[in-house]
Each structure stands twice: as structure tokens, then as C-alpha cells.
Amino acid sequence: MLQTTKRPDSPVSIIGAGIAGAWQALLFAQAGHAVILHERGDAAMTDSTSHWAGGMLAPWCEAEVAEPIISRLGQRSLDIWRRELPDTPFNGSLVVAHPRERNDFERFARMTEGHRRLDAAGLAELEPSLEGRFRDALFFPTEGHVEPRLVLPKLHDRIRAAGGTIKFSSDVVAKDLDGIVIDCRGLAARDEEPELRGVKGEMILIETGEVQLARPVRLIHPRWPLYVIPREQNLFMLGATSIEAEDTGVSVRSALELLGAAYAVHPAFGEARIVEFGSGLRPAFPDNLPRIGIRGGQISVNGLYRHGFLIAPALAELTLQYVQRGQIDNEVMQCA
């Protein structure tokens with residue numbers, strides 16, 4: 001087992017600069033460790049799963065399908081996001097449904113907490129573009145969202161400001177690194193984590209000035225959650241499917257469903273310009289739960305599934321607490 005209660009200046013090498021590795025590097029650097037963050041890709045991070053993520057910080061919404069541990073980690077992560085990046089938008093999130101999905105909408109309301117029900121007038125006041133579109137909605141006021149392609153560079157800058165070093169185009173293996181090694185490679189870690197599988201999440205980026213939204217809107221769907229997430233410069237991300245496949249294309253069926261979901265939220269999206277199609281492979285264990293594994297001198301953080309941006313800060317905090325004080329979270333950690 002990894003020796004704990006390390007000196008504050010113990011060197012830490014982290015492999016993978018996506019959302020999981022970036023938060024590990026930031027918290028360890030702030031705690032006084034000599035941090036080197038290795039990333040096999042370039043600074044654009046286009047090969048990272050994080051590049052294709054929605055960036056929703058929605059622990060109460062996720063409680064409809066996720067285990068309680070996701071809500072616990074997610075709620076703690078919101079506090080860390082607010083502390084470290086206080087400009088993170090916490091405008092809440094909305095859940096809506098058309099009449100044919102009414103039963104599923106009511107089930108969603110029963111399965112989740114932290115929301116209040118809005119009537120049509122309340123929804124229109126909150127999001128004027130949705131006036132007359134839905135008879136009611138669930139509003140989760142304390143949830144937030146980030147734009148992954150903007151927030152990752154911010155986290156990388158914060159790591160450098162805290163004294164950490166980031167090495168891009170650095171394809172390293174744990175056995176060649178000194179000190180504490182934290183493996184955050186996602187699916188690339190299957191050489192060490194054979195149970196991992198990839199779950200494809202597809203997205204579409206569209207542009208229109210005809211609709212204005214201040215927060216993500218989740219549309220109830222019989223198969224998976226579909227949402228419209230506002231981004232800068234009149235862009236909206238449509239996501240996200242959850243498919244048990246490891247190719248990286250976007251199927252015609254998925255494209256139709258994502259675009260149809262946007263049109264169902266507002267017909268003006270029908271005239272929007274399609275900017276980009278894409279998909280990412282989310283690393284998941286068989287139980288779809290995150291895992292911090294401890295083996296000898298190496299720590300692995302993996303299996304974040306579709307909750308990476310939501311739970312990564314809390315997982316980094318748990319890892320730091322283990323290294324510095326030997327504290328173990330039995331729901332997340334496995335020691336070999």
C-alpha cells in the first residue's frame with residue numbers, strides 16, 4: 001500500500017490532463033506538492049473525452065438515474081467549483097417535457113430533490129424564449145454548468161499559477177515516474193484496468209441568435225436525458241446520447257434525436273446552423289461508479305462515466321486527503 005502522510009513537498013506525477021487529472025493537479029499543487037501533469041496530446045486537448053463533454057454540474061438532476069454516491073460527490077464538487085472558479089455560472093437548470101412524456105416528467109420530479117415547480121408564467125419569466133412552449137417545468141436553482149473547452153485551459157492556468165508544471169505531448173508510463181503517481185488516463189488505462197469500457201456520448205454544436213437561454217434545459221426523453229446547453233457566441237450544445245459502443249462517429253439516428261430534441265424545445269432551433277458533430281468515449285466500470293484505486297506507489301482515478309465535470313473536484317479532494325492524512329472513503333477507494 002502507498003505510504004501516506006507524505007511531506008507537503010512530496011513530488012506528484014499525474015498522467016492525463018483532462019478534467020480528472022486537471023483537478024488532481026490543481027489541488028495537489030495548491031497543497032504544496034511539486035506537481036508535474038503529463039498529457040500525451042497537445043494543449044488543444046481535442047483527443048480528450050473532456051473536449052466533447054457537456055459540462056453540466058447537476059447533482060440533483062442526476063439523482064434520477066445515478067447512485068447516491070454521485071449526488072454526494074457532486075454536491076461537494078459544487079462547493080469546490082465555487083471556491084476555485086467563482087465565475088462559474090450557477091444559474092440553475094430546467095427540466096421540461098411535452099404532454100406525451102408527462103408520466104416520465106412526474107417520475108423525474110419524484111426521484112429528485114432540490115427543485116421547485118414552475119408554471120408556464122414562471123418559466124417564461126425565467127427563460128423568456130420558452131414562453132408558451134411548456135405548461136410547467138422543474139427548476140433546480142443551485143445547479144450550474146461550465147463550457148469544457150474554456151474551463152480546462154483555465155484550470156491548466158491555475159495549476160501553473162500554483163507552481164505546477166504541465167507537459168503536453170508527454171506519453172509516459174507510471175513505472176518510469178518518481179514519487180506519487182496518479183493515473184487519470186481514462187480508457188487508455190485499460191492496460192491496468194481491464195474492466196473499463198467506453199460509453200459513447202454524442203453531441204452537436206449549433207449556432208443561432210433566435211433563442212436566448214441562461215441555463216441548461218433538459219428535455220425528458222424515453223431513452224436518455226437530452227439537453228440544450230447555452231454556450232458563448234450564440235452557440236448551443238445538444239447532448240448527449242449514452243450508447244454502449246466504442247466507435248467515435250455520430251449515427252444518423254442520434255443526430256435526428258438530438259436535433260429533434262432541440263426543435264422540440266424551440267422551433268427556432270430548426271433554422272440554426274450546425275457547427276460541429278462529435279462524440280467522446282466515457283470511461284466506465286461495470287457498475288458505472290467512480291473508483292480511486294491504490295496499488296503500491298500508484299493511485300488511479302477512473303470510471304467517471306458521464307459525471308466527469310460533476311465529480312472530478314471531489315475525487316481530487318479525496319485523493320489529497322488520503323495522501324496527506326491516510327483518510328479513506330470506503331465508497332470510492334479500493335486498496336490492493
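Computed from heavy atoms alone, side chains included, the values below leave out hydrogens, waters and symmetry copies.
Under a cutoff of 6.0 Å and an axis angle of 45°, R291 and F285 form a cation-pi pair. Both cation-pi conditions hold for R149 and W52: the charged atom is under 6.0 angstrom from the six-membered ring centre and inside a 45 degree cone around its axis. Both cation-pi conditions hold for R82 and F90: the charged atom is under 6.0 angstrom from the six-membered ring centre and inside a 45 degree cone around its axis.
For the pair E106 and R102, the salt-bridge criterion is met [side-chain N within less than 4.0 Å of a carboxylate O]. Under 4.0 Å is where a charged nitrogen must lie from a carboxylate oxygen, and between R40 and D47 no such pair does. Comment: D79 engages R76 in a salt bridge, judged by a side-chain N to carboxylate O separation of less than 4.0 angstrom. Checked for salt-bridge contact, R72 and E331 meet the test: a charged N lies under 4.0 Å from a carboxylate O. Looking at R135 and D119, no side-chain N of the basic residue comes within less than 4.0 Å of a carboxylate O on the acidic one, giving no salt bridge.
The two atoms that bring A63 and S71 nearest to each other are CB-OG, 3.6 Å, heavy atoms only. For the residue pair L177 and S13, the shortest heavy atom distance occurs at CD1-CB, 3.8 Å. Contact between P148 and P153 at its shortest, heavy atoms only, is O-CD, 4.3 Å. Annotation for A22 and A17: closest pair CB-O, 4.1 Å, computed over non-hydrogen atoms. Residue C61 comes nearest to T112 through the heavy atom pair O-CG2, 3.9 Å, listed as atom of the first residue, atom of the second, then distance. Nearest heavy-atom pair, I229 versus G54, reported as atom, atom and distance to 0.1 Å: CD1-O, 3.4 Å.
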For E246 and K200, what are the C-alpha separation, side-chain angles and deciding distance, and is it a salt bridge (charged side-chain N to carboxylate O under 4.0 Å, His left out)? CA-CA 6 Å; E246 294 199 8; K200 182 167 68 169; over 6 Å; no
Give the C-alpha distance, both sets of side-chain angles, the deciding distance and a yes or no for side-chain contact (heavy atoms from CB on, under 4.5 Å) between L259 and I274. CA-CA 10 Å; L259 293 170; I274 295 175; 4.2 Å; yes
Under the criterion salt bridge (charged side-chain N to carboxylate O under 4.0 Å, His left out), I'd like the reasoning laid out for R218 against E62: C-alpha separation, chi angles, the key distance, then a yes or no. CA-CA 11 Å; R218 187 180 302 230; E62 289 301 321; 3.3 Å; yes
Dump the intermediate steps for side-chain contact (heavy atoms from CB on, under 4.5 Å) on I166 and R160, then the final yes or no. CA-CA 7 Å; I166 304 177; R160 296 185 186 97; 3.9 Å; yes
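Remark: side-chain polar atoms of Q327 are not paired, donor with acceptor, to backbone N or O of Q321 under 3.5 angstrom. A donor-acceptor pair is defined here as one N or O able to donate and one able to accept, closer than 3.5 Å; such a pair exists between the side chain of S279 and the backbone of T248. One N or O on the side chain of E39 and one on the backbone of G41 form a donor-acceptor pair closer than 3.5 Å. Between the D183 side chain and the R185 main chain, a donor and an acceptor come within less than 3.5 Å of each other. When atom types are taken as modelled, the side chain of N234 and the backbone of E207 share no donor-acceptor pair closer than 3.5 angstrom. A side-chain donor-acceptor contact under 3.5 Å links R215 to the backbone of N91. Of the possible polar contacts, one joining the T88 side chain to the L85 backbone as a donor-acceptor pair under 3.5 Å is found. Distance alone, capped at 3.5 Å, places no donor-acceptor pair between the R190 side chain and the E193 backbone. Side-chain atoms of H98 come within 3.5 Å of backbone N or O of A264 as a donor-acceptor pair. The closest donor-acceptor contact from the side chain of E202 to the backbone of G278 lies at 3.5 Å or more, if one exists at all.
Going from atom CG of L304 over to atom OG1 of T49 covers 10.0 Å, rounded to the nearest 0.5 Å. Expressed to the nearest 0.5 Å, how far CD of E192 lies from OG of S300 amounts to 8.0 Å. E127 contributes atom CD, which lies 10.5 Å from atom CG of L118 (distance to the nearest 0.5 angstrom). Here the CG atom belonging to L318 is positioned 11.0 Å from the CD1 atom belonging to I299, to the nearest 0.5 angstrom. Of the inter-residue distances, the one linking K167 atom NZ with H38 atom NE2 reads 5.5 Å to the nearest 0.5 angstrom.
The side-chain heavy atoms of M56 and F309, taken from C-beta on, include no pair separated by under 4.5 Å. Side chains of H307 and N288 form no contact here, defined as non-hydrogen atoms less than 4.5 Å apart. Under the 4.5 Å side-chain criterion, counting only non-hydrogen atoms from C-beta, E131 is not in contact with E125. No side-chain heavy atom of I243 sits less than 4.5 Å from a side-chain heavy atom of V199. Side-chain contact check for L73 versus L310: every heavy-atom pair is 4.5 Å or farther apart. Here the side chains of Y227 and L238 are not in contact, with every heavy-atom distance at 4.5 Å or above. Side-chain contact check for F28 versus T319: some heavy-atom pair is nearer than 4.5 Å. Between V172 and I15 there is a side-chain heavy-atom pair separated by less than 4.5 Å.
Atom CG of D178 is surrounded by 12 or fewer heavy atoms from other residues, nucleotides or ligands within 6.0 Å. Other residues, nucleotides and ligands contribute at most 12 non-hydrogen atoms within 6.0 Å of the CG atom of N103. The 12-atom threshold is exceeded at CZ of R83, counting heavy atoms of other residues, nucleotides or ligands nearer than 6.0 Å.
Ring geometry for H156 against F168 counts as perpendicular: the plane angle is over 60°, on a 0 to 90° scale with 30° as the lower cut.
The ring of F139 has its center no closer than 6.0 angstrom to the ring center of H115.
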